[in-house]
Number of protein chains: 2
Amino acid sequence: MEPGSKHFRKRDAILAYLRTTDQHPSAETVYASLKPQIPDLSLGTVYRNISLFKQQGLIVSLGSVNGVERYDGNIDPHVHFVCTGCGTISDLHGMHVPEELNAAASREADAMVDHCHLTFHGRCRECC
Amino acid sequence: MEPGSKHFRKRDAILAYLRTTDQHPSAETVYASLKPQIPDLSLGTVYRNISLFKQQGLIVSLGSVNGVERYDGNIDPHVHFVCTGCGTISDLHGMHVPEELNAAASREADAMVDHCHLTFHGRCRECC
DNA sequence: TCGTAAACGTGAATGATTCTTATTTACGAC
DNA sequence: GTCGTAAATAAGAATCATTCACGTTTACGA
């Protein structure tokens with residue numbers, strides 16, 4: 001938002017939160033995290049804006065873990081690890097999917113591929 | 001089931017269907033596909049058995065597409081393409097995630113990785 | 001000050017999935 | 001064969017994440 005404007009206050013807070021955290025939160029988590037600072041925030045607003053950000057490509061969905069969709073405000077491609085015990089998602093910045101695989105996938109699928117997700121699943125140290 | 005036994009009739013039909021198709025169906029799709037042959041099949045049975053198969057490692061979940069979970073009866077690791085238009089999931093048998101990446105991920109995540117999913121997203125020829 | 005459109009809060013609606021409960025089924029012991 | 005038991009099931013209610021509908025608030029420009 002423009003400085004001094006109160007327009008889009010909540011929308012911006014939601015996006016800022018998603019961009020700041022590395023927790024890959026759910027909508028509920030975003031809501032719970034912002035509620036103390038923004039007492040009149042509603043869950044509907046969180047869902048509405050998250051869905052807007054997704055459309056605009058400002059955030060990405062990481063899919064659902066235990067039936068709850070998770071989001072990432074860091075849109076440059078990276079690899080994830082999901083703990084099947086506690087549901088924690090963490091970034092694996094040390095690994096990369098070679099860009100050229102997208103082209104290979106396009107060819108094999110006979111489709112227009114625009115991105116891919118590489119996700120490892122297992123149990124973190126705390127969960128086993 | 002043992003030959004000659006009628007025990008586990010529906011359970012086996014569900015597993016057989018999942019192993020036979022390459023459609024990566026949802027629970028609803030499994031139900032609709034088997035209903036004609038098994039008129040007294042119920043959706044609850046499909047969900048119950050799918051959840052059992054998942055636990056036992058007989059099938060894998062591919063995550064949700066448009067809010068609906070999808071399953072694969074082919075449990076050896078392979079790559080998928082998901083069309084964001086029509087929701088079709090197809091196999092990319094020509095591509096592989098090198099086994100040794102699991103070890104690298106274990107190391108970086110400090111966790112016990114047991115499998116990974118590589119999924120490309122885009123639009124199939126019919127959808128654009 | 002007024003009009004307008006975007007953003008929002010609230011609560012109802014939706015829909016996939018899970019749970020509950022009573023029923024059916026197969027099989028072993030007698 | 002009959003009875004007891006445990007697994008599998010059908011049916012429908014319940015749950016819960018997400019979306020929708022609608023009336024209200026807010027900011028800004030005319």
Side-chain angles (χ1 to χ4, degrees), chain A residues 1-18 23-56 58-71 82 84 87 89, chain B residues 1-18 23-56 58-71 82 84 87 89:
Chain A
M1 66 180 168
E2 288 79 48
S5 166
K6 281 199 252 170
H7 238 158
F8 310 147
R9 215 171 346 113
K10 294 169 186 174
R11 176 165 301 171
D12 284 329
I14 293 167
L15 184 55
Y17 177 76
L18 283 164
Q23 295 297 121
H24 313 91
S26 64
E28 271 281 345
T29 304
V30 171
Y31 173 73
S33 303
L34 292 176
K35 187 74 175 174
Q37 307 148 41
I38 310 175
D40 65 341
L41 179 65
S42 82
L43 190 53
T45 296
V46 173
Y47 274 110
R48 185 175 336 102
N49 285 306
I50 279 179
S51 127
L52 195 60
F53 298 151
K54 257 198 297 185
Q55 270 181 225
Q56 298 173 330
L58 300 176
I59 66 174
V60 295
S61 166
L62 301 182
S64 295
V65 176
N66 298 328
V68 182
E69 191 164 7
R70 307 282 287 272
Y71 306 96
V82 179
T84 49
I89 301 179
Chain B
M1 65 177 169
E2 288 78 48
S5 166
K6 280 197 250 172
H7 242 158
F8 310 145
R9 215 168 349 110
K10 293 170 186 173
R11 176 165 303 170
D12 284 329
I14 293 166
L15 184 55
Y17 178 76
L18 283 163
Q23 295 297 121
H24 312 91
S26 64
E28 271 281 345
T29 305
V30 171
Y31 173 73
S33 302
L34 292 176
K35 187 73 173 172
Q37 307 147 41
I38 310 176
D40 64 342
L41 180 65
S42 82
L43 190 51
T45 295
V46 172
Y47 274 109
R48 182 174 353 96
N49 285 306
I50 279 179
S51 127
L52 194 61
F53 297 152
K54 258 199 294 188
Q55 271 181 226
Q56 299 174 329
L58 299 176
I59 66 173
V60 295
S61 166
L62 302 182
S64 295
V65 176
N66 299 326
V68 182
E69 191 166 7
R70 306 281 287 272
Y71 306 96
V82 179
T84 50
I89 301 180

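Below, chains carry the letters A, B, ... as their sequence lines are ordered, and counting in each starts from 1.
Between A:Glu69 and the options A:Ser26, A:Ser64, A:Ser61, a side-chain hydrogen bond (donor to acceptor under 3.5 Å, both in side chains) holds for only A:Ser61. Exactly one residue among A:Ile50, A:Val30, A:Val60 makes a side chain to side chain contact (heavy atoms under 4.5 Å, CB included) with A:Tyr71. That residue is A:Ile50.
For DNA chain C, the neighbouring residues in residues 48-55 of chain A, judged by any heavy atom under 4.0 Å, are A:Arg48, A:Asn49.
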Report, one pair per line, the protein and nucleotides 11-14 of chain C atoms (nitrogen or oxygen only) whose separation is under 3.5 Å.
none

Would you tabulate the pairs of protein nitrogen or oxygen atoms and nucleotide nitrogen or oxygen atoms of nucleotides 15-17 of chain C closer than 3.5 angstrom?
residue : atom : partner : partner atom : Å
C:dT17  : OP1  : B:Glu69 : N            : 2.9
C:dT17  : OP2  : B:Tyr47 : OH           : 2.5
C:dT17  : O5'  : B:Tyr47 : OH           : 3.4

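The base-pairing partner of D:dA30, taking Watson-Crick or G-U wobble contacts with both distances under 3.5 Å, is C:dT1.
Spacing between atom NZ of B:Lys10 and atom P of C:dA26 amounts to 10 Å, rounded to whole angstrom units. At whole-Å resolution of the value, CG in B:Asp12 and P in D:dT9 are 9 Å apart. In this structure, A:Tyr31 places its OH atom 13 Å from C1' of C:dC8, rounding to the nearest Å. Rounded to whole Å, the distance from CG on A:Leu34 to P on C:dA7 is 17 Å. Nucleotide C:dC8 holds its C1' atom 10 Å from the CZ atom of A:Arg11, rounded to whole Å. Atom pair B:Arg9:CZ and D:dA8:P shows a separation of 13 Å (rounding to whole Å applied). What separates CG of B:Leu41 from P of D:dG12 is a distance of 15 Å, to the nearest Å. Residue B:Gln56 contributes atom CD, which lies 14 Å from atom P of D:dA7 at whole-angstrom precision.
Residues forming a side chain to side chain contact (heavy atoms under 4.5 Å, CB included) with A:Thr84 (at least two apart in sequence, or on another chain): A:His121, A:Arg123. Applying the side chain to side chain contact (heavy atoms under 4.5 Å, CB included) rule to B:Ser42 yields the partners B:Thr45; only residues at least two apart in sequence or on another chain are considered. For A:Leu58, the side chain to side chain contact (heavy atoms under 4.5 Å, CB included) test picks out A:Leu15, A:Arg19, A:Phe53, A:Gln56, with sequence neighbours left out.
Residues B:Ala13 and B:Ile38 share a closest heavy-atom pair of CB-CD1, 3.6 Å.
Side-chain contact check for B:Leu52 versus B:Arg11: some heavy-atom pair is nearer than 4.5 Å. Inter-residue side-chain proximity for A:Thr29 and A:Gln23 is flagged as unmet; no heavy-atom pair is nearer than 4.5 Å. At a threshold of 4.5 Å between non-hydrogen side-chain atoms, the residues A:Glu28 and A:Val68 do not count as touching.
The closest donor-acceptor contact from the side chain of A:Arg70 to the backbone of A:Leu62 lies at 3.5 Å or more, if one exists at all.
Interatomic distance, A:Asn49 CG to A:Ile14 CD1, rounded to the nearest 0.5 Å: 4.5 Å.
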